[in-house]
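Right, one structure below, let's go through it.
All of these numbers come straight from a predicted model, not from anything done at the bench. The residues of the chain are indexed from 1 along the displayed sequence.
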Amino acid sequence: MTMLPPLGRRAALAGAAGLGFASFAQAQQAETPRRGGTLRIATLGLDTADPHRHTGSIAVQQAYVEALTSIAANGTVEPFLAEAFEVSADGRVHSFRLREGVRFHDGSALTSAEVIANLERVKNRVRGGWLVSAMRLAESFEAPDARTVVIRMREPYAPLLNLLSELWILSPNSPGWDDTITRPIGTGPFTFGDWRPKARFVAPAFSGYWQPGRPYLAAVEFDLRDDADFSLALRAGDLHVASVGRDKLAALSRDPAIRLGKLKDTNWFFVSFNNRSPRAPFDDLRVRQAIAYSLDKRAFMNFTAGQDGIVTNQMVIPGNVHFDRAMHDVDAHARPDPDRARALLREAGVTPAQRRIELVSWQESYAQVAAQMVTRLGFPVNHVALDDLGAQRRLGQYDWDLAVFSSGPRADLFLRYVRMMSDGPNPVLWGGVQDPEFDALVNAAVREPDQTRRAVAYNRAWQRVLDRYYTVVLGHSQNVIASRSEVPGWDPGFTWACHWASGGVAQAWLAPRNPAPRG
């Protein structure tokens, strides 16, 4: 058995080197935390009131819901509502010991019965999402007693502990439980308060929170506006914590009241082909290679993330346990080669001027950079830049050729691989890959209990992606999170989550604001 001890915005872009990034924890004041006040945050939005059906709301909803596990700032899994857990030697049986004294916001106690009700709801009533694969493999959920939960899997499933960090435990008394939850009743340090979609969300403190003495804040208020510039609000003190773009970092770094930090995991940027129904000539591997040779990864990442941008051909960056240095070092597209690209097009019998490329993206400037690189081969490009919903609809029609997108931090590497699988959630950003052999390679990786062997297995799957040119990775950046100095208890985590077992809003507090200097 392996046991862990008990608990002891899309595209906010990374900045240039030398701007004073540091761990916020290093800057914390050695003071007794103060109580009261409202922490104002602007990172990602809130797309649904039902935490089991979200498509990317963890920056908000983890203020009021919690899970059995969470992801620590260093990327490791840690106990949360479970005070300890253990995994059988064969990787099939996961046992969790629940904390004592945890209550939902309606005052009812958390027991194993409520946990199992949540597991069964996600398994039987929720369609789509990255927990589908895990729940499909769940053979049974058992409650030997009121504080013990046992999940038995049909086969070993290594990502489970990490994925459970995003299976939030709610009271079955939550309104809408049998359909779509409209007002979640969780166990978090704050409660589900006033929600105005695309505007703001206010979460009042929960006085019965299970961590003694926490939270310190009276409330957290989230700014939910899309693509707003939060830098001026930060400098004015109207916001305390916000994601910021690279173009604002130089000015923010000169402000003594602002600290700059980064999420520990990365955004990765890529150009995908239409893999579900590719149109000629993009069904020809030589043409895909030519497009890849046209892309200047270093120039793209300099534009996107400055000198901090990391160029690679992989889902992860150096230092990650899954990073394959040998694979990185033989990247044929680490540097552009337009002559080789044109030679491949001639070999394929393609005259670029006679074939217009349909390119889809979000309304992001980095996509236009990639589009301009492709046009240098002579292809006319019809670049369609859309909002989230519009992009999803257009991509789902598979009437396009190229897509330029990014994907953000994830609690487990599987959450990146699963989106390329034949039945994966939200597969459109990667062109709807339908490849049973790739699926089998990924499934072999997740069945491998040993971390070292699992990394090798994952990289076999990734090599197939590289060989088939399903997508071309351009590089990685880390999201920049700015914080005012009067929030000494705040430090960015591994993902967008605003609350986790060893950090986040439950531990944050507001110190007195220093008056602006005169003169």
Side-chain angles (χ1 to χ4, degrees), residues 6-8 23-25 27-29 31-44 46 51 57-74 76-83 98-107 109-110 164-171 184-193 201-222 239-242 261 263-264 411 481 483-484 486-511:
L7 174 66
S23 169
F24 292 179
Q28 292 180 13
Q29 302 172 27
E31 302 176 10
T32 301
R34 294 166 57 96
R35 297 194 171 276
T38 297
L39 181 70
R40 295 182 293 275
I41 299 180
T43 52
L44 296 184
L46 181 64
S57 302
I58 61 173
V60 176
Q61 63 190 21
Q62 284 192 271
Y64 49 87
V65 290
E66 298 172 318
L68 293 175
T69 64
S70 77
I71 306 301
N74 64 0
T76 60
V77 65
E78 57 186 2
F80 205 1
L81 289 178
E83 67 178 8
L98 302 182
R99 297 182 185 279
E100 286 190 285
V102 178
R103 295 194 171 273
F104 291 105
H105 297 152
D106 64 357
L110 171 69
L164 287 177
S165 70
E166 295 188 7
L167 198 161
W168 292 287
I169 306 302
L170 304 157
S171 168
I185 301 173
T187 62
F190 300 89
T191 63
F192 190 89
F201 174 77
V202 179
F206 176 41
S207 60
Y209 187 51
W210 57 270
Q211 289 191 28
R214 293 176 177 163
Y216 304 116
L217 299 163
V220 180
E221 179 178 330
F222 296 88
L239 284 172
H240 298 107
V241 177
L263 294 187
K264 310 308 184 288
I481 308 296
S483 169
R484 289 192 60 83
E486 58 262 32
V487 194
W490 175 267
D491 190 26
F494 188 74
T495 70
W496 283 107
C498 67
H499 170 53
W500 59 99
S502 55
V505 291
Q507 300 182 32
W509 52 281
L510 291 174

Taking side-chain contact (heavy atoms from CB on, under 4.5 Å) as the test, write out the residues that go with A411, two or more places apart. I71, S165, E166, L415
Please list, chain by chain and in numerical order, all residues satisfying side-chain contact (heavy atoms from CB on, under 4.5 Å) with P204, sequence neighbours excluded. T191
Listed by chain and number, what are the side chain to side chain donor-acceptor pair (under 3.5 Å) partners of Q61, not counting sequence neighbours? none
Applying ring-ring contact (aromatic ring centres under 6.0 Å, His included), can you list everything that pairs with W168, at least two apart in sequence or on another chain? H54
So, using ring-ring contact (aromatic ring centres under 6.0 Å, His included) as the criterion, who are the partners of Y64 when residues are at least two apart? F192, F201
Indicate yes or no: at least one non-hydrogen side-chain atom of L170 is less than 4.5 angstrom from one of P51. yes
Just so I know, are the side chains of L39 and L510 near enough to count as touching, which here means a heavy-atom distance under 4.5 Å? yes
Is any side-chain heavy atom of P189 closer than 4.5 Å to a side-chain heavy atom of E66? yes
Indicate yes or no: at least one non-hydrogen side-chain atom of W500 is less than 4.5 angstrom from one of T495. no
Results of side-chain contact (heavy atoms from CB on, under 4.5 Å) for R103 - residues two or more places apart only: A109
Please identify each residue that fulfils side chain to side chain donor-acceptor pair (under 3.5 Å) with T38, with sequence neighbours left out. none
Do T187 and F206 pass the side chain to side chain contact (heavy atoms under 4.5 Å, CB included) test, and can you show the C-alpha distance, the side-chain angles, and the key distance before you say yes or no? CA-CA 9 Å; T187 62; F206 176 41; over 6 Å; no
Residues forming a side chain to side chain donor-acceptor pair (under 3.5 Å) with H240, sequence neighbours excluded: none
Residue set satisfying side-chain contact (heavy atoms from CB on, under 4.5 Å) with A205, at least two apart, ordered chain then number -> F190, P215
So do the side chains of I481 and W490 get within less than 4.5 Å of each other, counting heavy atoms only? yes
Tell me every residue that passes side chain to side chain donor-acceptor pair (under 3.5 Å) with T69, counting only those two or more places apart in sequence or in another chain. none
Checking the side chain of R40 only, and the main-chain atoms of A242 only, is there a donor and an acceptor separated by less than 3.5 Å? no
With sequence neighbours left out, the residues meeting ring-ring contact (aromatic ring centres under 6.0 Å, His included) with F494 are none
Quick one, K264 with D491, criterion side chain to side chain contact (heavy atoms under 4.5 Å, CB included). Give me CA distance, side-chain angles, the key distance, then yes/no. CA-CA 11 Å; K264 310 308 184 288; D491 190 26; 4.3 Å; yes
Distance in Å, L68 CG paired with I169 CD1, rounded so as to fall on 0.5 Å steps: 4.5 Å
Can you check whether A501's main-chain N or O pairs, donor with acceptor, with S70's side chain at less than 3.5 Å? yes
